[in-house]
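Notes for the one structure printed next.
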Amino acid sequence: MSEEKKLLREAKKLPWEDRLLHKNWKVRNEANLDLAALCDSIADPKDPRLREFGPLFRKTVADSNAPVQEKALDALIAFLRAADADDGRYAKEVCDAIVAKCLTGRPKTVEKAQAAFMLWVELEAVEVFLDAMEKAIKNKVAKAVVPAIDVMFQALSEFGAKIVPPKRILEMLPELFDHQDQNVRASSKGLTLELCRWIGKDPVKSILFEKMRDTMKKELEAELVNVSGTAKPTRKIRSEQDKEPEQEIASDVVGPGPSEEAVADAPQEIDEYELVDPVDILTPLEKSGFWEGVKATKWSERKEAVADLTKLASTKKIAAGDFTEISCTLKKLITDVNMAVAVEAIQAIGNLARGLRSHFSGSSRSLLPVLLEKLKEKKPTMTEALTQTLQAMHKAGCLNLVDVVEDVKAVVKNKVPLVRSLTLSWVTYCIETSSKAVVLKLHKDYVPICMEGLNDGTPEVRDAAFSALAAIAKSVGMRPLESLLEKLDDVRKKKLSEMIGNSGGAVPTGAGAATVQASGGISSSVEVVDSSFVRRSAASMLSGKRPLPAS
């Protein structure tokens, strides 16, 4: 037996770490082959041997011998296929080693390194993967940067924007647009176009175009014409793959659900708010002379000071801070003797609500009664500003009807009919743009308020109350209204039934609407109600018969 064969045979008796890090490259090579074969044979992701192997790869993938390095990547890929998300604990060190040692290697080495990165994403180590990519794109060697951009493109293309957060990629792109290597710039352009397929052209253009050179901007503009935002993921993370057998069993029991194709066709809603960095507006506001301006005796100076705030607050995302004093000041300015100042203050509040979202909740609760009271003004500019701001406060998640029921109860008793009717119209908007779960929580408080509005002496108030009740019925069905409808006379019963019946087709709870989550996460879809059942329920109220359930 030759010395080499004897060495290899004896090496097999050594612990894995000693074999994989042996001074003889042939021993290391054979150890990686054996490790890959063993990982391929492991069927249980909880196999304790995987925990033993995990820490070894940070050294093996950095092997100085190119053929051995490739075999180490093969072993890593086999390990990642056998592992589960718990093994993500090893991702950081391994990904950093791949970035440092593999992306400038032979084409086959780079290809295997990219395959390993994709498997880390599959194991839900996405943030670690993107951290590694941030390091990779800073490499002075362009040859190492292009594979990093390409694997981000691949990850986004296959897993989608819900798994691979677009914001992280958007943050990396600006420095790549100005890279001296044309291949890096070309890959960056391709990645930008892929982002447009997932989150739409407008968010990408609004965030990135101001940071691009004119030539890159023109090139992208030309190619964006043919890009449609209809991308669909083609690959699932491991935890979703594990659920598939359970879902198949469940579908056999309860019957088929929506087809896989139909689910895939559903667009992925990406909240642009989550893609941008927050902007500090408090510091520049202090320097703008805002506090002196709002106390000026001249109305034009007060308006100008508030206009500075409105402009600063128009940024997509405002950095959280102490806005208490600003809110108190705006609350006073809502009732300013000059209409232009008051309108500007109301618009500033709307911008703050959109930019701060849940961070403006406390101020919104304080401002709401004053804003609703101000609905008495008949000037169109004032009404429009109030309507937009009130709707923005609800849509941005600063307010929800459950928390402001006492305010609404007080305002619908206001002696000015316009205040009562417009308040109920705002309530209707909030109901229509809320999820069914939210409406189920609030209907017990708001149905009595609306029922009282049906007896109002002003037609506009009665109509607004009817609209609010119809919105509740469209969202959660007729059952919450049954007992109360019995108290209505035939004329009112008929009108409400007609309003519900005229909705036509399947009626969603909002016009393409979904509630914006307070945390800023992706909007959730609104549940659709079977409007035919709602219409039959309403009609049956006239005859006093209980409707049959929808077939």
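The first residue of the sequence shown is numbered 1, and numbering continues consecutively from there.
Here Arg106 pairs with Glu70 under the salt bridge (charged side-chain N to carboxylate O under 4.0 Å, His left out) rule; sequence neighbours left out. Residues passing the side chain to side chain contact (heavy atoms under 4.5 Å, CB included) test with Ala78 are Ala36, Cys39, Asp40, sequence neighbours excluded. When the side chain to side chain contact (heavy atoms under 4.5 Å, CB included) test is applied to Asn29, the partners found at least two apart in sequence or on another chain are Trp25, Leu33, Val68, Lys71. Applying the ring pair (Phe, Tyr, Trp, His ring centres under 6.0 Å) test to Phe360 and every residue at least two apart in sequence or in another chain returns nothing. In terms of the salt bridge (charged side-chain N to carboxylate O under 4.0 Å, His left out) criterion, Asp280 has no residue partners (sequence neighbours excluded). Lys218 is linked by a salt bridge (charged side-chain N to carboxylate O under 4.0 Å, His left out) to nothing, counting only residues two or more places apart in sequence or in another chain. Every side chain to side chain contact (heavy atoms under 4.5 Å, CB included) that Ser314 has, sequence neighbours left out, goes to Asn351. For the side chain to side chain contact (heavy atoms under 4.5 Å, CB included) test, residues two or more places apart in sequence or in another chain that qualify with Asn24 are Leu7, His22, Lys26, Val27. Arg49 meets the salt bridge (charged side-chain N to carboxylate O under 4.0 Å, His left out) test with Asp47; sequence neighbours excluded. Evaluation of the side chain to side chain donor-acceptor pair (under 3.5 Å) rule for Asp322 yields Thr324 as partners, not counting sequence neighbours. Annotation: ring pair (Phe, Tyr, Trp, His ring centres under 6.0 Å) contacts of Phe79 (sequence neighbours excluded): Phe57.
Contact check on Glu221 versus Lys205 returns a salt bridge, with a Lys/Arg side-chain nitrogen under 4.0 Å from an Asp/Glu carboxylate oxygen. Using a 4.0 Å cut-off between a side-chain N of Lys or Arg and a carboxylate O of Asp or Glu, Lys317 and Asp277 do not qualify as a salt bridge. Ion pair Lys236/Glu122 not flagged as a salt bridge, since none of the NZ, NE, NH1 or NH2 atoms sits closer than 4.0 Å to an Asp/Glu carboxylate oxygen. Taking the charged nitrogens against the carboxylate oxygens, Lys46 and Asp86 do have a contact shorter than 4.0 Å, which makes a salt bridge. Salt bridge present: Asp34 and Arg19 bring a charged side-chain N and a carboxylate O closer than 4.0 Å. Between Asp74 and Lys112, at least one side-chain N (NZ, or NE/NH1/NH2) sits under 4.0 Å from a carboxylate O, which counts as a salt bridge.
Of all heavy-atom pairs spanning Asn400 and His394, the tightest one is CA-CD2, 4.3 Å. The shortest non-hydrogen separation linking Gly321 to Leu282 is CA-CD1, 4.0 Å. A pairwise comparison of heavy atoms in Asp44 and Ile42 identifies O-CG2, 3.4 Å as the closest pair. Residues Arg81 and Arg238 come closest through the heavy atom pair O-NH1, 3.4 Å. Scanning all heavy atoms of the two residues, the minimum distance from Leu285 to Ile326 falls at CD2-CD1, 3.4 Å. Scanning both residues, Trp198 and Gly160, for their nearest heavy atoms gives CH2-CA, 3.4 Å.
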Going through the checks in order, is the salt bridge (Lys or Arg N to Asp or Glu O under 4.0 Å) test met by Glu194 and Arg197? CA-CA 5 Å; Glu194 184 64 18; Arg197 291 179 63 234; 2.7 Å; yes
Going through the distances and angles, do Lys101 and Gln69 end up as a side chain to side chain contact (heavy atoms under 4.5 Å, CB included)? CA-CA 9 Å; Lys101 299 295 182 180; Gln69 186 181 48; 3.8 Å; yes
What verdict does the side chain to side chain contact (heavy atoms under 4.5 Å, CB included) test give for Leu38 and Trp16, after you've listed the backbone C-alpha separation in whole Å, the side-chain angles of each residue and the deciding distance to 0.1 Å? CA-CA 12 Å; Leu38 178 57; Trp16 279 106; 3.8 Å; yes
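For Glu272, the CD atom counts as densely surrounded, since its 6.0 Å shell holds more than 12 non-hydrogen atoms of other residues, nucleotides or ligands. Around NZ of Lys12, the count of heavy atoms belonging to other residues, nucleotides or ligands within 6.0 Å exceeds 12. For Lys92, the NZ atom counts as loosely surrounded, since its 6.0 Å shell holds 12 or fewer non-hydrogen atoms of other residues, nucleotides or ligands. Heavy-atom neighbours of Gln182 CD from other residues, nucleotides or ligands within 6.0 Å: at or below the threshold of 12.
Going from atom CG of Leu399 over to atom OG of Ser361 covers 7.0 Å, rounded to the nearest 0.5 Å. Rounded to the nearest 0.5 angstrom, Ser188 OG and Leu173 CG are separated by 6.0 Å. Here the CD1-CD1 distance, from Ile137 to Ile169, works out to 10.5 Å after rounding to the nearest 0.5 Å. Considering CG of Leu330 and CG of Leu352, their distance stands at 6.5 Å, rounded to 0.5 Å. Distance check: Ile349 CD1 to Ser327 OG gives 7.5 Å after rounding to the nearest 0.5 Å. Atoms OG1 and CZ, from Thr215 and Phe177 in turn, are 11.0 Å apart once rounded to the nearest 0.5 Å.
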Counting only pairs under 3.5 Å, give me each side-chain donor-acceptor contact of residues 148-158, with atom names and distances, residues two or more places apart or in other chains.
from   : atom 1 : to     : atom 2 : distance (Å)
Asp150 : OD1    : Ser187 : OG     : 3.4
Gln154 : NE2    : Glu158 : OE2    : 3.3
Glu158 : OE1    : Arg235 : NH1    : 3.2

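Cation-pi check for Arg357 over Tyr273 is met; the charged atom lies under 6.0 angstrom from the ring centroid and within 45 degrees of its normal.
Considering Arg185, Lys189, Arg213 in turn, Lys189 is the only one that fulfils the salt bridge (charged side-chain N to carboxylate O under 4.0 Å, His left out) rule with Glu219.
Taking 4.5 Å as the limit, every side-chain heavy atom of Val204 sits out of range of all side-chain heavy atoms of Ile207. Trp120 is listed as a side-chain neighbour of Tyr90, based on a closest heavy-atom distance under 4.5 Å. Within the 4.5 Å cutoff, no side-chain heavy atoms of Leu20 are placed close to those of Lys59.
Using modelled atom types, one finds a donor on one side chain and an acceptor on the other under 3.5 Å when comparing Glu124 with Ser239.
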